[in-house]
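Here the structure is laid out as structure tokens; the discussion comes afterwards.
By convention in this document, chain letters (A, B, ...) are assigned in the order of the sequence lines, proteins followed by strands, and residues within each chain are numbered from 1. What you see below is based on every heavy atom in this structure, not just the backbone, and it leaves out hydrogens, waters and symmetry mates.
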Amino acid sequence: MDLKNMTLRTRFAPSPTGFLHIGGARTALFCHLHARHYGGKTILRIEDTDRERHKQEAVDAILAGMHWLGMDPDEGPFYQSDNASRHLDVAEQLIVGERAYRCYCTKDELDQMRDEQRAKGIKPKYDGRCRNRTAPPSDDAPFVVRFLRPKVGEVVWDDKIQGEIRVRNDELDDLILVRSDGSPTYNLAVVVDDHDMGINLVIRGEDHLSNTPRQIQLFEALAWEVPEYAHMPLLHGSDGAKLSKRHGAVSVLSFRDDGFLASAVNNYLVRLGWSHGDQEIFTQEEMEQLFDVCEVGRSAAIFDSDKLLWINSHHIRDAHPEELLEELIIQLEKIEIYGVERDKLLEVIPEFQERSKTMVEMAAKVSFLFVDDLPVYDPAAAKKHMKVASLAPLTELANRLEAQPEWSLAAIEKVFKSILEAFDIKMGKLAQPVRVSLTGTATSPGIYETLYLLGREKTIARLRHGVEFLEEKAAFAT
RNA sequence: GUCCCGUUCGUCUAGAGGUUAGGACACUGGCCUUUCACGCCGGUAACAGGGGUUCAAUUCCCCUACGGGACGCCA
């Protein structure tokens with residue numbers, strides 16, 4: 001019967017104001033990982049009690065972000081606004097039970113009250129002047145429903161992350177449950193929904209810490225079981241302040257655009273506030289197996305893109321080429337390279353995994369293989385490596401490769417060796433001009449691999465072009 | 001202003017009453033090498049400050065400073 005003790009149920013409850021940013025993703029990740037670790041369920045609930053905020057594109061963007069990160073919820077999305085009538089019933093129940101009352105104060109009155117309180121240096125809060133009102137000021141006077149908070153005592157809970165927190169009840173005020181337009185507010189809705197959905201662990205940002213005692217008071221007033229709470233330290237921007245859209249907190253999906261892998265983003269986020277020995281690199285499975293929200297630290301972290309980059313490079317390296325295929329194709333299309341056969345890409349990817357910190361970088365590095373145009377030489381690379389002295393070896397290399405029937409790493413190597421011997425030069429003197437001729441740059445995978453992947457036709461053509469370049473240079477010199 | 005939370009290398013973190021305060025990113029010296037990258041070896045760099053408690057405190061307690069969050073008919 002007591003299902004709550006059998007299954008952990010936690011929820012991620014964003015408000016649909018925009019895309020899922022990195023801070024929100026971290027909260028969602030911690031919910032997801034903790035639930036997976038304990039075989040629990042995750043519920044996605046959209047907190048849209050403020051109707052102005054309900055934007056479908058925002059919901060879609062959040063869903064898309066979570067999907068990319070591999071955190072599709074087990075249940076939901078549910079919309080808080082769908083439960084409005086239930087919320088209002090509960091408010092009515094509280095009025096009947098004398099745990100809530102109608103308040104007729106106007107906004108102006110309240111503003112004035114808060115100003116006075118602030119001027120006196122005390123915490124602004126509703127002074128309860130309507131608590132004992134017996135009749136409305138007029139028949140059609142608008143009113144809100146306020147919670148009648150306990151006047152004495154304190155709220156105590158053992159936060160899974162923050163430890164024991166106590167707040168005196170007289171620090172809190174009579175919060176509004178129902179607005180004057182008859183709609184339920186967030187604090188009412190969360191409590192009712194968390195209860196109705198059987199949520200037994202609330203994982204959320206520390207910015208909700210001060211809501212928690214009020215919500216606990218509500219649970220208690222309704223004689224409902226209070227869930228457990230875990231308040232995560234916030235993620236800060238490089239200026240040390242809470243991450244927000246103003247601080248360049250962009251959609252998690254923009255990380256995908258920038259060539260980051262979902263597993264790397266998760267890996268980066270999980271290490272903010274949590275650690276497991278000296279381990280830095282975690283697979284998705286390891287995170288799900290090891291993460292426990294109770295082990296999360298209490299201090300805020302600052303987003304560091306260098307570390308993300310490093311973790312991403314590890315995930316790229318550790319991935320199977322198949323896992324990188326889709327992302328590479330996306331990035332290639334962005335630089336207008338279309339229709340490369342998948343098998344070809346699978347052959348190419350392993351040569352670039354160690355050399356790419358992002359998939360954007362990989363696409364850029366790989367691109368020379370797939371363009372038909374002859375490469376434009378990077379000036380610095382050409383200046384350093386395209387010397388007239390290389391003219392003869394390069395010419396001869398092109399000749400011998402052309403005469404070589406087999407196109408394999410071994411065959412290519414053999415030809416290279418024969419050139420080195422014939423001209424009595426070191427590898428560097430041959431490989432670098434070849435590299436520039438083939439790629440236009442001074443860097444690429446191993447030279448044999450580079451030729452092999454480029455293919456015979458393009459290799460010969462580009463070598464010949466390099467030879468022409470050197471001939472022209474020689475002509476100028478004389 | 002009031003309440004709540006925090007403070008170990010620049011950054012993410014480990015640590016525990018007795019450690020040469022550990023690891024990682026970044027930075028940096030070197031090795032490897034056909035380039036780049038990877039990898040390997042090394043270096044710089046931290047317990048916010050002041051009081052207690054204690055034989056001993058970075059670790060426990062208090063205060064201060066600094067930082068953050070919250071004080072809405074937003075969520």
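Distance check on atom P: B:U58 versus B:U54 gives 16 Å, rounded to whole Å. Remark: the separation of the P atoms in B:U35 and B:A16 is 46 Å, to the nearest Å. Across the P atoms, B:G22 and B:U34 are found 37 Å apart, a figure rounded to whole Å. Spacing of P atoms, B:U11 relative to B:A26, comes out at 16 Å, to the nearest Å. Going from the P atom of B:G42 to that of B:G6 covers 38 Å, rounded to whole Å. Taking atom P on both B:U7 and B:C32, the two are 45 Å apart, rounded to the nearest angstrom. Taking the C1' atoms as reference points, B:G1 lies 34 Å from B:U59, given to the whole Å. Distance noted for atom P between B:C5 and B:G10: 27 Å (whole Å).
Checking B:A75, B:U35, B:A70 against the side-chain heavy atoms of A:Q80 singles out B:A75 as nearest. Distance from the side chain of A:I165 is smallest to B:C4 among B:U35, B:C4, B:C73. Comparing B:A75, B:G68, B:G69 by their nearest atom to the side chain of A:H236 picks out B:G68. For A:D306, counting side-chain heavy atoms from C-beta on, the closest listed nucleotide (B:C38, B:C4, B:C25) is B:C25.
One cannot find a donor-acceptor pair under 3.5 Å joining the base of B:U2 and the side-chain atoms of A:R118. Remark: the A:N211 side chain and the B:A70 base include no donor-acceptor N/O pair separated by less than 3.5 Å.
Regarding contacts with the backbone of B:U7, every side-chain N or O of A:R298 stays at 4.0 angstrom or more from both OP1 and OP2. Phosphate contact (OP1/OP2 of B:A14, side-chain N/O of A:S275, threshold under 4.0 Å): present. Close to B:G72, at under 4.0 Å from its OP1 or OP2, lies a side-chain N or O of A:R114. Dashed line: the shortest gap from a side-chain N or O of A:S444 to OP1 or OP2 of B:C36 is not under 4.0 Å.
Across every strand in view, B:U59 sits unpaired, with no contact that passes the Watson-Crick or G-U test at under 3.5 angstrom. If you check B:U54 for Watson-Crick or wobble pairing at under 3.5 angstrom, you find it has no partner at all. Pair assignment for B:C36 gives none, since no Watson-Crick or G-U wobble pairing has each distance under 3.5 Å. Nucleotide B:A46 forms a pair with no other nucleotide shown, judged by Watson-Crick or G-U wobble geometry with both contacts under 3.5 Å. Using Watson-Crick or G-U wobble geometry with both donor-acceptor distances under 3.5 Å, B:G1 finds its partner in B:C71. Figure legend. B:A24 is base-paired to B:U11; pairs are counted as Watson-Crick or G-U wobble with both atom distances under 3.5 Å.
Minimum heavy-atom separation, A:D159 to A:A230: OD1-CA, 3.5 Å. Considering all non-hydrogen atoms of both residues, A:L44 and A:M66 come closest at CD1-SD, 4.0 Å.
If you check every strand for non-hydrogen atoms under 4.0 Å, A:T443 touches a base. Looking at heavy-atom distances under 4.0 Å, A:P445 makes contact with a base. Counting any heavy atom pair closer than 4.0 Å across all strands shown, A:G273 reaches sugar-phosphate atoms only and no base atom. Backbone-only engagement by A:L234 is indicated by non-hydrogen atom pairs under 4.0 Å involving sugar-phosphate atoms exclusively. Within 4.0 Å (heavy atoms only), A:S180 reaches at least one base atom of the nucleic acid. Base engagement by A:E280 is indicated by at least one non-hydrogen atom pair under 4.0 Å involving a base atom. Residue-level contact check: A:H208 touches the bases, meaning some heavy atom is under 4.0 Å from a base atom. Residue A:K107 is in base contact, counting any heavy-atom pair closer than 4.0 Å across all strands shown. As judged by a 4.0 angstrom heavy-atom cut-off over every strand, A:A301 is placed among residues touching the sugar-phosphate backbone only. Among the heavy atoms of the strands lying under 4.0 Å from A:E354 is at least one base atom, whether or not backbone atoms are also near. A:C103 comes within 4.0 angstrom of nothing in the nucleic acid, heavy atoms only. Nucleic acid contact class of A:I447 (heavy atoms, under 4.0 Å, all strands): base. Note on A:R168: nothing from the nucleic acid sits closer than 4.0 angstrom, heavy atoms only.
Nucleotide B:G68 holds its C1' atom 15 Å from the CE atom of A:M232, rounded to whole Å. Rounded to whole Å, the distance from CH2 on A:W310 to C1' on B:C38 is 13 Å. A:D304 has its CG atom 11 Å from the C1' atom of B:A24, to the nearest Å. In this structure, the NE2 atom of A:H276 is 16 Å from the C1' atom of B:G15, given to the nearest Å. Note: CD (A:E449) to C1' (B:A37) measures 13 Å, nearest angstrom. The nearest whole Å value for the distance from the CZ atom in A:F303 to the C1' atom in B:C12 is 12 Å. Taking atom CD on A:E171 and atom C1' on B:G1, their separation rounds to 13 Å, with Å as the unit. In this structure, the NZ atom of A:K307 is 14 Å from the P atom of B:C9, given to the nearest Å.
To the nearest 0.5 angstrom, A:L394 atom CG is 11.5 Å from A:H465 atom NE2. Within the model, atoms CG of A:D127 and SG of A:C105 stand 7.0 Å from one another, a figure rounded to the nearest 0.5 Å. The line from CZ of A:F260 to CG of A:N267 is 12.5 Å long, rounded to the nearest 0.5 Å.
Judged by the 6.0 Å distance and 45° axis criteria, A:R26 is positioned over the aromatic ring of A:F30.
Between A:Q162 and A:C105, the one whose closest nucleotide on RNA chain B sits nearer the 5' end is A:Q162. Judged by closest nucleotide on RNA chain B, A:K123 is the one of A:K123 and A:I302 placed further toward the 5' end.
The ring-ring contact (aromatic ring centres under 6.0 Å, His included) test with A:F282 is passed by exactly one of A:Y268, A:F291, A:W274: A:W274. Considering A:K125, A:R214, A:R149 in turn, A:R214 is the only one that fulfils the salt bridge (Lys or Arg N to Asp or Glu O under 4.0 Å) rule with A:D173.
Looking only at distances, a side-chain donor or acceptor of A:N312 sits under 3.5 Å from a matching main-chain atom of A:G259.
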Determine whether A:D181 and A:S183 satisfy the following criterion, side chain to side chain donor-acceptor pair (under 3.5 Å), listing intermediate values before the conclusion.
CA-CA 6 Å; A:D181 68 357; A:S183 64; 2.7 Å; yes
